[in-house]
Amino acid sequence: MTFPQQPQQPQYPQYPQGPAPQYPQSQFPQQPLQYSQQFPQPNRNPFFEWLQRAKRDFSRIGASLCLMVIIWYAGVFLLKGVVRAVAGGVGAGGDMPNWMTFLISDVPLYLIAMPVAVVLMGKSTVIETRKFNMKPGMFFKLLLMCLPMMWVGSMVGSMLSLALSDGEATNRVADLAMQTNIWNVVFLVILGPIFEEWMFRKQLIDHTRKYGEKTAILLSGLAFGLFHMNLFQFFYAFLLGVMFGYIYMRTSKLRYSTAMHMIINFNGGVLAPWILTRVDLDQLDKVSQAAENGNVAAMEQWASQNATGLAIMLVYFLLYGAVILVGFVLLIRNFRKAEFYTAPEELPRGVRAKTVYGNVGMVTFIVLTVLLTAIGLFL
């Protein structure tokens, strides 16, 4: 995972490397002598003031993300009301077509909520960095490493969701993706990755990387996982968010993580659902029950009718399993090769987590998204 393949240069050439900067007292306005003689001035701690400023920066970012979620949900609620009023109650019984579901969900998020959040974050913490290209071989290698992270995260999320809900929870996104048509490509494969990478990699990392590369990457992954507000998706979204964050951190180019995001979404939102629809799974449940009662002929007839679909499914899962295995090997061999530079205002250990997450904005964002995740799981 050591890229770009050239002599390493500091990612932040215009900033001195080292621990958190110590600000000279001369930077702070001094009281006139006559006042300092009359009123004792407290000793100012530049390091403490710097930490407080960093905490305010992260709180503003957390509050912006929180407002993004609120605007998003409010926009969806309003659009649903408009559609039902205009279309005579379409969608009230869950019969809304998937293109309309995508449109109602994505328009408020991509065109209103995300831009508003970015504006509120401000530009004061954004720093310039060098940009590097990634070779095709490295891109393919990192993409393979994403697949086992996706698979493990999906398994953990599914098992935990079903365990907490006594098997009653359903993955709404997976159900939506099973309606295979061109709209899955438009919204899941193209628009989703573009806007999500712009928000959670470029904007979030650009606004926080000066306080530490690992800090920015972990925050990007956590915010990305919480943003889905779906326990089925949280763990793999978090893991992929960390990988995408590392890729963007080392290249400062959004194209690579966006392309990987598109490929992964194409597999999960288009290719896999299409393959599953090649087999009559609804009929399989009935046939399986009949076979348990001794009607083997029914199972044989079903297998002959779905022979082509079963062959396609078998090939797909064999290839997918092999790719995941290769990805595991690559991930284990390259995990410790990840490289990080010291950021201009690297937060020191011991105060890092408290500074990043122990503030009003971040706490509110985390509580809100966890609450909405729980509501979606149990209701």
Side-chain angles (χ1 to χ4, degrees), residues 68-117 150 154 157-158 161 169-200 224-234 236-237 240 244 254 257-282 309 312-313 316 369 372-373 375-377 379:
M68 179 187 73
V69 173
I70 294 173
I71 294 175
W72 178 22
Y73 268 63
V76 170
F77 178 80
L78 291 175
L79 277 182
K80 280 186 177 180
V82 171
V83 169
R84 289 171 182 173
V86 174
V90 172
D95 57 347
M96 186 180 294
N98 72 334
W99 69 265
M100 187 177 293
T101 302
F102 282 128
L103 200 64
I104 290 175
S105 175
D106 292 351
V107 166
L109 175 63
Y110 298 155
L111 300 185
I112 303 175
M114 283 185 174
V116 168
M150 173 87 176
S154 180
S158 297
S161 298
T170 58
N171 190 345
R172 300 182 305 276
V173 175
D175 295 339
L176 187 64
M178 288 303 295
Q179 302 180 38
T180 54
N181 53 44
I182 189 61
W183 299 111
N184 288 21
V185 177
V186 173
F187 289 98
L188 292 179
V189 180
I190 300 176
L191 295 180
I194 289 174
F195 281 95
E196 290 173 8
E197 291 303 304
W198 173 76
M199 182 69 199
F200 292 97
F224 186 57
L226 291 172
F227 153 80
H228 285 80
M229 289 170 282
N230 185 337
L231 191 57
F232 284 94
Q233 296 180 281
F234 171 77
Y236 75 73
L240 289 177
F244 294 159
L254 205 58
S257 62
T258 303
M260 289 186 187
H261 198 157
M262 287 181 173
I263 293 170
I264 289 173
N265 277 18
F266 176 80
N267 176 66
V270 177
L271 181 59
W274 179 84
I275 290 175
L276 290 176
T277 58
R278 299 306 93 192
V279 177
D280 190 349
L281 297 177
D282 294 333
I312 294 174
M313 185 180 296
Y316 171 79
T369 50
L372 292 173
T373 300
I375 293 174
L377 181 65
L379 296 182

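Bear in mind the structure is a predicted one, so any value in this text is a computation, not a measurement. For the single chain, residues carry numbers from 1 onward in sequence order.
Summarising the geometry of His228 relative to Phe224, their closest heavy-atom pair is ND1-O, 2.7 Å, with the distance given to 0.1 Å. Contact record, Gly376 with Arg172: O-NH1, 3.3 Å, taken as the closest heavy-atom pair. When all heavy atoms of Ser161 and Phe232 are compared, the pair lying nearest together is OG-N, 3.4 Å.
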Notebook entry, point to check: What's the verdict on side-chain contact (heavy atoms from CB on, under 4.5 Å) for Phe102 and Leu188, showing C-alpha distance, side-chain angles and the deciding distance?
Noted result: CA-CA 9 Å; Phe102 282 128; Leu188 292 179; 3.7 Å; yes
Item checked: Derivation and outcome, ring pair (Phe, Tyr, Trp, His ring centres under 6.0 Å), residues His261 and Phe200 -> CA-CA 12 Å; His261 198 157; Phe200 292 97; 9.6 Å; no
Note to self: Please determine whether side-chain contact (heavy atoms from CB on, under 4.5 Å) holds for the pair Val69 and Leu372, giving the CA-CA distance in whole Å, both sets of side-chain angles, and the decisive distance to 0.1 Å.
What the structure shows: CA-CA 10 Å; Val69 173; Leu372 292 173; 3.8 Å; yes
Item checked: Test side-chain contact (heavy atoms from CB on, under 4.5 Å) applied to Phe234 and Leu226, step by step -> CA-CA 6 Å; Phe234 171 77; Leu226 291 172; 3.8 Å; yes
Note to self: Applying side-chain contact (heavy atoms from CB on, under 4.5 Å) to Tyr110 and Leu191, what does each step give before you reach the verdict?
What the structure shows: CA-CA 9 Å; Tyr110 298 155; Leu191 295 180; 4.3 Å; yes
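Considering OG1 of Thr277 and CE of Met313, their distance stands at 8.5 Å, rounded to 0.5 Å. Atom CG of Leu271 and atom CD1 of Ile263 lie 12.0 Å apart (nearest 0.5 Å). If you take CE on Met178 and CG on Leu276, they are separated by 5.0 Å, rounding to the nearest 0.5 Å. One finds the CZ atom of Phe187 at 10.0 Å from the OG1 atom of Thr101 (value rounded to the nearest 0.5 Å). Once rounded to the nearest 0.5 Å, the distance linking CG of Asn184 with CZ of Phe266 reads 10.5 Å. Separation of atoms CD1 (Ile104) and CG (Leu109) is listed at 14.0 Å; rounding is to 0.5 Å.
With sequence neighbours left out, Asn181 forms a side-chain hydrogen bond (donor to acceptor under 3.5 Å, both in side chains) with Asn98. Considering only residues two or more places apart in sequence or on other chains, Glu197 meets the salt bridge (Lys or Arg N to Asp or Glu O under 4.0 Å) condition with Arg201.
Between the Thr258 side chain and the Leu254 main chain, a donor and an acceptor come within less than 3.5 Å of each other. Distance alone, capped at 3.5 Å, is enough to place a donor-acceptor pair between the Trp72 side chain and the Ser105 backbone.
The number of heavy atoms from other shown groups lying within 6.0 Å of CH2 (Trp99) does not exceed 12.
At least one side-chain heavy atom of Met229 sits under 4.5 Å from a side-chain heavy atom of Tyr73.
By the 30° and 60° cut-offs, the orientation of the rings of Phe195 relative to Trp198 is perpendicular.
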